[in-house]
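Everything on this sheet refers to the single structure shown next.
What's counted below: heavy atoms across the whole structure, side chains too, no hydrogens, waters or symmetry copies.
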Protein chains: 2
Amino acid sequence: MPKQVDHEERRRHLTEALLRIASTRGLQAVSMREIAAEAGVSLRVVQYYFTNKQALLESGLTELGARMDRRVKQRATAAAGELTPRGAFAAVLGTILPFDEQSTLDSMAWTAYYTAALTDPALAAVGLTLPNALENYLTVRLTAAQQAGDIAPDRDPRTEVASLLALANGLTSSVLSGQRSHEAATEIIDYRLDRLFGPATA
Amino acid sequence: MPKQVDHEERRRHLTEALLRIASTRGLQAVSMREIAAEAGVSLRVVQYYFTNKQALLESGLTELGARMDRRVKQRATAAAGELTPRGAFAAVLGTILPFDEQSTLDSMAWTAYYTAALTDPALAAVGLTLPNALENYLTVRLTAAQQAGDIAPDRDPRTEVASLLALANGLTSSVLSGQRSHEAATEIIDYRLDRLFGPATA
DNA sequence: CTTGATAGGATACGACTGTATCCATTCAGG
DNA sequence: CCTGAATGGATACAGTCGTATCCTATCAAG
């Protein structure tokens with residue numbers, strides 16, 4: 001056999017090129033040829049490693065989800081040792097918001113995919129996995145916190161979580177469109193968490 | 001002069017066809033020829049009444065904003081006579097959520113436009129007018145309510161409004177993607193309004 | 001009745017799309 | 001050394017895109 005190339009690594013390289021285009025120029029600017037140019041390879045190579053444009057697009061969405069997942073875990077463990085319930089929420093919600101250049105780009109791409117998924121069932125299936133997983137995780141977490149007495153007993157954990165996640169998504173949109181700064185969005189999240197858990201503990 | 005046609009009415013007809021396509025098949029499915037087919041006219045007619053595809057797209061966004069505006073005012077006056085501050089918020093936020101077939105379609109189109117605006121400054125300029133107007137209106141309203149003693153003095157009106165609007169947007173996304181029902185979203189809004197204004201008055 | 005602006009059908013243009021094919025190069029296994 | 005699978009460059013194909021052009025009706029004004 002010839003050259004022997006790492007297919008996995010090749011595909012990741014192309015997927016990253018795809019996401020770079022999607023996040024800066026939108027998903028409608030993504031074409032096979034554009035990806036090839038962005039990745040510095042020929043059109044044939046893109047075709048060689050992905051059977052379809054559809055496969056390429058799904059790979060992009062999967063990668064985006066993986067990045068988000070990685071970031072959440074990184075933030076969670078960076079807050080060394082055991083987290084307070086509030087700390088866990090601040091970490092997860094803070095990770096959803098665009099907080100640096102890379103996460104801003106990823107959020108843009110995520111938004112593009114989200115919109116595309118509304119009229120493309122194949123993408124919807126891939127794209128809803130992560131949001132649902134997050135909602136479930138946080139609900140379990142908040143229910144436990146309530147039993148431990150960290151939040152008032154009259155709160156409904158599932159509703160609170162749904163509310164906080166929807167808020168984070170809405171804030172992300174407004175940050176991306178320049179309506180609000182990252183700091184302003186973070187303050188709003190903190191403000192909400194204060195009213196759920198009580199003021200942050202030192 | 002010949003046939004003498006109502007240009008305004010012609011343009012609205014085409015704009016509505018555009019929005020029908022955008023809301024069911026996405027903005028990327030919108031082409032001059034598709035609009036012509038949807039409106040039941042020839043390609044030439046579409047070109048005749050709009051100089052550009054860009055002009056057509058901007059017209060669609062403007063129409064979408066006008067519809068939303070109409071709906072808010074309709075809801076507000078439907079709640080006959082003077083509204084309680086909470087009633088005004090419930091009306092505006094309830095109008096943002098997709099609550100019937102038409103508003104669901106419009107929300108889909110709105111989402112598509114929002115995403116497109118992230119990589120198209122011309123659309124961004126048109127698209128941010130309404131959200132900003134809403135935020136300002138509600139902030140004025142809530143500040144007055146606070147001075148009247150309707151909400152606790154330690155609340156920050158601007159933050160509360162931003163928070164509620166972001167929440168409504170986030171909930172809209174989750175309703176459109178089928179993660180949540182309209183009823184569930186409405187409950188979440190009510191839940192938040194309860195915690196801001198106190199339980200709904202009979 | 002003639003004229004000329006208004007309105008629109010038909011068609012063409014060049015650019016770009018995803019996909020397919022043809023062909024050359026590379027190099028591990030026999 | 002040689003053979004054949006792995007890799008990828010070059011090019012072609014049939015569509016679709018936005019836009020432009022050509023040409024023909026229509027009908028109010030003179």
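Checking Gln47(B) against His7(B), the closest nucleotide of DNA chain C that is more toward the 5' end is the one next to His7(B).
Here Tyr48(B) reaches the OP1 or OP2 of dA7(C): one of its side-chain N or O atoms lies under 4.0 Å away. Side-chain nitrogen and oxygen atoms of Ser42(B) include none within less than 4.0 Å of the OP1 or OP2 phosphate oxygen of dG8(C). Remark: Asn52(A) is in phosphate contact with dT19(C), judged by side-chain N or O atoms under 4.0 Å from OP1 or OP2.
At a threshold of 4.0 angstrom between heavy atoms, the contacts of Tyr49(A) are confined to the sugar-phosphate backbone, with no base atom among them. Note on Val46(A): nothing from the nucleic acid sits closer than 4.0 angstrom, heavy atoms only.
The CG atom of Asp6(B) sits 14 Å away from the C1' atom of dA7(C) (whole-angstrom rounding). Atom-to-atom, CZ of Arg33(A) to P of dA15(C) comes out at 14 Å; the value is rounded to the nearest Å. Per the geometry, CD1 belonging to Ile21(B) stands 10 Å off P belonging to dC17(D), to the nearest Å. Between Gln28(A) atom CD and dG18(C) atom P the separation is 12 Å, expressed in whole Å. Put simply, CD on Glu34(A) is 9 Å from P on dC16(C), counting in whole angstrom units. As a whole-Å value, the separation of Met32(A) CE from dT19(C) C1' is 7 Å. One atom, NE2 of His13(A), and another, P of dG8(D), lie 12 Å apart when rounded to the nearest Å. Rounded to an integer number of Å, the gap from Ile35(A) CD1 to dG18(C) P is 8 Å.
With 3.5 Å as the limit, one finds a donor-acceptor pair spanning the side chains of Ser177(B) and Tyr114(A). At a cut-off of 3.5 Å, with distance as the only test, a side-chain donor of Ser103(B) or Asp100(B) sits close to an acceptor on the other residue.
For Leu43(A), taking side-chain heavy atoms from C-beta onward, the closest of the listed nucleotides dC17(D), dT11(D), dG8(D) is dT11(D). Among dA7(C), dC17(D), dG9(D), the nucleotide with an atom closest to any side-chain atom of Val45(A) is dG9(D). Considering only the side chain of Arg10(A), dG8(D) comes nearest among dT17(C), dT19(D), dG8(D).
Ion pair Arg180(A)/Glu135(B) flagged as a salt bridge, since at least one NZ, NE, NH1 or NH2 atom sits closer than 4.0 Å to an Asp/Glu carboxylate oxygen.
Remark: the Arg44(A) side chain and the dT21(C) base include a donor-acceptor N/O pair separated by less than 3.5 Å.
Between Arg86(B) and Asp194(B) there is a side-chain heavy-atom pair separated by less than 4.5 Å.
In this pair, Tyr49(A) and His7(A) present their aromatic rings perpendicular. The plane angle is above 60°, beyond the 30 to 60° band.
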